[in-house]
2 protein chains.
Amino acid sequence: MARVGLTAERLTQAGAELADEVGFDQVTVSALARRFDVKVASLYSHVRNSQDLRTRIALLALAELADRAADALAGRSGKDALTALANVYRDYAREHPGRYAAAQLRLDPQTAAASAGVRHAQMTRALLRGYDLTEPDQTHAVRLLGSVFHGYVSLELGGGFSHSAPDTDVTWIRVLDALDTLLRNWPPPPTEPQG
Amino acid sequence: MARVGLTAERLTQAGAELADEVGFDQVTVSALARRFDVKVASLYSHVRNSQDLRTRIALLALAELADRAADALAGRSGKDALTALANVYRDYAREHPGRYAAAQLRLDPQTAAASAGVRHAQMTRALLRGYDLTEPDQTHAVRLLGSVFHGYVSLELGGGFSHSAPDTDVTWIRVLDALDTLLRNWPPPPTEPQG
DNA sequence: GGATTTGCCTAAAGCTATTAGGCAGATGCA
DNA sequence: TGCATCTGCCTAATAGCTTTAGGCAAATCC
């Protein structure tokens with residue numbers, strides 16, 4: 001029988017494409033085998049199991065996203081960098097919804113630590129160097145930015161904003177404006193605990 | 001054979017509990033049947049199919065969440081209301097991770113329009129009346145708050161913040177501080193488009 | 001208490017995941 | 001070039017989840 005030339009890489013790549021077409025949760029070993037016109041069992045020589053396949057797709061997405069982010073940040077700072085990084089996430093999610101969903105897959109700690117996920121945090125930190133934040137406020141800001149980017153993108157993608165009036169593109173611009181303002185005027189910690 | 005007294009409501013309720021225990025994506029008709037010690041086919045008299053079951057769980061979660069939010073907002077305004085609403089989402093997600101995941105299920109437009117999802121948007125709008133925002137800025141702010149709440153909660157729940165130093169409780173307080181500041185000093189639209 | 005309704009059951013087919021073992025095409029070495 | 005080995009894809013089989021069709025008995029309604 002003709003050998004198709006399966007490898008873990010090709011399977012991962014095709015899995016990512018499949019995810020973008022039908023959704024990450026519809027990525028199945030069977031569907032992938034169908035796509036290569038090959039029997040299901042054949043995939044198990046290249047990929048440990050279904051979970052392994054999903055993890056590989058997630059790692060691919062994280063790496064692609066980190067590469068795009070690094071490109072976008074090169075030579076930019078301040079609000080320019082903020083906007084560029086934010087748009088990387090949003091554009092990637094819209095171009096590759098399945099991969100974006102994959103990037104949210106919960107990874108076990110070791111895998112996560114070895115993934116491109118750490119680069120994302122580093123880049124957000126690098127971006128914040130353009131603002132005047134010291135630890136621990138910088139970490140708070142990293143988390144805020146991550147929350148806004150991920151939250152906005154996933155709500156927008158999920159149709160959460162689709163029914164209402166102002167264009168989401170406009171909101172996006174205004175949200176980035178607001179974040180920039182906020183980062184330039186980061187409120188100091190409350191001196192008095194409330195109570 | 002003894003009748004167990006299955007109803008769509010009981011199945012939905014048990015499905016929600018199951019979701020919190022094993023994850024929303026592990027909620028299966030079979031697992032639910034097992035939990036009632038009943039054959040799988042029996043569930044199909046009460047629930048159209050697996051998708052229907054999931055949708056019911058999602059609607060339950062949205063309604064519970066909206067009820068909690070309404071309670072929390074009663075009698076509060078300004079930052080007090082902001083904090084209360086934000087904590088409703090965060091606490092619910094931590095107490096009921098499976099239901100919180102269910103609440104993110106993408107619903108078809110009609111179902112979404114008839115769901116408690118609309119109450120959430122209304123309550124966020126109500127909260128913003130304590131700040132001095134007019135349309136369309138109010139809508140932008142609604143979307144920003146939704147993004148931050150959802151983004152923070154889902155990243156925190158997914159372990160995205162777990163490896164780093166400052167306590168996520170502290171970050172959460174500072175993020176709410178920052179949002180309050182931002183809403184009280186919402187930047188005006190840029191007069192000049194960039195380019 | 002008999003008729004009807006309703007609830008859970010058995011049976012069956014189809015899809016996905018995963019493992020074990022086989023055969024043939026590719027590769028390595030003389 | 002020819003043989004041995006290795007590797008890649010295959011068949012076969014098991015098990016779980018989903019869904020539909022049709023049956024029997026318990027509850028319900030006069």
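Just so it is clear: chains get the letters A, B, ... in the order the sequence lines come, proteins before strands, and each one is counted from 1. A quick note: this is a predicted structure, and the numbers were derived from the prediction, not measured. Note that these values count all heavy atoms, side chains included, but never hydrogens, waters or copies made by symmetry.
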Which of these nucleotides, D:dT11, C:dT16, C:dC9, is closest to any side-chain atom of B:S42?
-> C:dC9
Out of C:dA17, C:dT18, C:dT19, which has the shortest distance to the side chain of A:S30?
-> C:dA17
B:R35/B:L18 under side-chain contact (heavy atoms from CB on, under 4.5 Å): CA gap, chis, key distance, verdict = CA-CA 9 Å; B:R35 174 166 288 227; B:L18 184 60; 3.7 Å; yes
Picking from D:dT20, C:dC8, C:dT18, which would you name as closest to the side chain of B:L6?
-> C:dC8
Starting from P on D:dT18, measure out to CZ on B:R48 and report it in whole angstrom.
-> 16 Å
Atom pair distance, as rounded to whole Å: NE2 in A:H46 and P in C:dT19 = 15 Å
Between CZ of B:R3 and C1' of C:dG7 the distance, given in whole Å, is 4 Å
Interatomic distance, B:L18 CG vs D:dC17 C1' [rounded to whole Å] = 14 Å
With no hydrogens and no angle check, do the side chains of A:S77 and A:R129 hold a donor and an acceptor under 3.5 Å apart?
-> no
Give the rounded distance in Å between these two atoms: CG of B:L53 and C1' of D:dT19.
-> 14 Å
For D:dC17, take OP1 and OP2 only and decide whether either is under 4.0 Å from a side-chain N or O of B:T28.
-> no
So what does B:V4 touch, heavy atoms closer than 4.0 Å: a base, only the sugar-phosphate, or nothing?
-> sugar-phosphate
Whole-Å distance between C:dT18 P and A:Q51 CD?
-> 9 Å
From C:dT16, D:dT19, D:dT11, nucleotide with atom closest to B:V40 side chain | D:dT19
Take the protein atom CG of A:L43 and the nucleotide atom P of C:dT19, then report the distance between them rounded to whole Å.
-> 13 Å
Can you figure out which of D:dT19, C:dT10, C:dT18 approaches the side chain of B:V29 most closely?
-> D:dT19
Please report, rounded to the nearest Å, how far the P atom of D:dA13 is from the OH atom of A:Y44.
-> 19 Å
Hey, are B:E95 and B:R90 close enough for a salt bridge, meaning a charged N less than 4.0 Å from a carboxylate O?
-> no
Minimal heavy-atom distance between B:R56 and B:H46, with the atoms involved, is NH2-O, 4.1 Å
Among the candidates D:dC17, D:dC10, D:dT19, find the nucleotide nearest to the side-chain atoms of B:R34.
-> D:dC17
Is B:R94 reaching over with its side chain to a backbone N or O of B:L157, donor-acceptor style, under 3.5 angstrom?
-> no
